[in-house]
2 protein chains.
Amino acid sequence: MAVDREQVLRAAASLLMRKSSATMDEVARAAGISRATLNRQFAGRDALVRALEELGIAECEAAVARAVIDDGPAADAVRRLVQELEPVARQLAFLYSENQLFEGDKQNAGWARLDARLVALFRRGQEAGEFRIDLSPVWLTEALYGLLVSAAWAVCEGRVAPKDLSSNVTELLLGGALRTQK
Amino acid sequence: MAVDREQVLRAAASLLMRKSSATMDEVARAAGISRATLNRQFAGRDALVRALEELGIAECEAAVARAVIDDGPAADAVRRLVQELEPVARQLAFLYSENQLFEGDKQNAGWARLDARLVALFRRGQEAGEFRIDLSPVWLTEALYGLLVSAAWAVCEGRVAPKDLSSNVTELLLGGALRTQK
DNA sequence: TCATTCTGAGACACTGATGTCTCATTTGAG
DNA sequence: CTCAAATGAGACATCAGTGTCTCAGAATGA
């Protein structure tokens, strides 16, 4: 028995990303368990979404850790980061559209921690002369999230090849669309 | 009397962007009308969202037309486009998270028309040697949407100044985060 | 083997949103 | 002013989703 809690969360994320209005019954069926068991694991839909958020944050933080973003050139750090973040992109896309998470006044502090890490990375790149200074680190952080989510959607709809996801995000974020002579 | 249908739609968009789970009653109150009248104007929540989508598409197409994206350098066309698209960004952000719109098999053809226009713009830029060719026009289009939505969110949460929205999107999309010698 | 624990299926009541209706009131045109 | 049209407020039934419960059956471990 022993329901694999994490597997349930992954199935839920996968379904909810495509259909955020999915029923608890649909979520349960997608996870291969019964609605009763789903309710035993997560006390209500809200708790499920919160757990999803918690898992997403944890995986993002793990990705940040693996990418060792404080070492070496900031541009390379961004490349590693996006690479590591790629598997989390789908879940991020769901959480991104779940703005219910951000309207309460008890937002998960994990996002602030993550933001701080990324903002620090971009600021480091600016201070090292790698990144332009007319775009604020906060905006660059938001843009990174946004591009990641957009790319996940595009892949999900078959408009972009999965293998191109990470390079697309990285190249656009760092280099932009214009041709430049480096 | 004569309820201003468009004003109702704008109020609904403004509310639904922040709280996509808002009740029809809340929407009505936000628009300054009664729930009965709201239901007289839009037969059900679904019809309301569809009308919102229709309005969003129309405004985007109007913005595209005003930006005359087929004239002059593609980069300048993108700048004009983002400038014109800025007022629609909030509504776009709502529609972007309303993935219910895209799961049915009767998607609004307006999106395809818009996509085609933008894809053509980026392709033109590539053929003119302005844009790099290792990022597909489809991806650049998705990235434009994504950055616009991210920026709208960032502004909405006070992380980015409203006046910087358009330049942030344009600069990042075209030039990227790296410092380059042009 | 037995006992414990967990699961699945179904039934149940409850809640909240929705759509519809009525009726008094207000608005605006003629 | 007069009247038709539209609005607001409220009541109402309906419905889908939810959370809880029970019970039988399966899995697990001693």
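Chain letters run A, B, ... following the sequence lines, proteins first, then strands; residues in each count from 1. As the structure is a prediction and not an experimental result, all values here were calculated from the model.
A heavy-atom distance below 4.5 Å is not found between the side chains of A/V27 and A/V8.
In the hydrophobic clustering of ILVMFWY residues, with side-chain heavy atoms under 4.5 Å counting as a link, B/L15 and B/F94 come out together.
Rounded to 10°, the helix from C/dT1-D/dA30 to C/dG30-D/dC1 has 30° between the axis fitted to its first five pairs and the one fitted to its last five.
Distance check, rounded to the nearest 0.5 Å: CG of A/N168 to OG of B/S136 gives 6.0 Å. Atom CG of B/L92 sits about 10.0 Å away from atom CD of B/E59, to the nearest 0.5 Å.
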(request) Tell me, with the steps shown, if A/R10 and A/E6 meet salt bridge (charged side-chain N to carboxylate O under 4.0 Å, His left out). (result) CA-CA 6 Å; A/R10 291 189 191 287; A/E6 190 152 319; 2.9 Å; yes
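Classification of B/R29 and B/D25 as a salt-bridged pair holds, one side-chain N sitting under 4.0 Å from a carboxylate O.
Taking the six-membered ring where tryptophan is involved, the planes of A/F131 and A/F122 are tilted, since the angle between them lies from 30° to 60°.
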What donor-acceptor contacts under 3.5 angstrom involve side-chain atoms of residues 30-41 of chain A, with partners at least two apart or in another chain?
residue : atom : partner : partner atom : Å
A/S34   : OG   : A/T37   : N            : 3.3
A/S34   : OG   : A/T37   : OG1          : 3.2

(message) Across nucleotides 9-22 of chain C, 5' to 3', mark each nucleotide with B, S or - according to how protein heavy atoms within less than 4.0 Å reach it.
(response) B-B-----SBBB-B
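The distance from atom CZ of B/R29 to atom P of D/dT7 is 18 Å, rounded to the nearest whole Å. Atom pair A/D4:CG and D/dT28:C1' shows a separation of 17 Å (rounding to whole Å applied).
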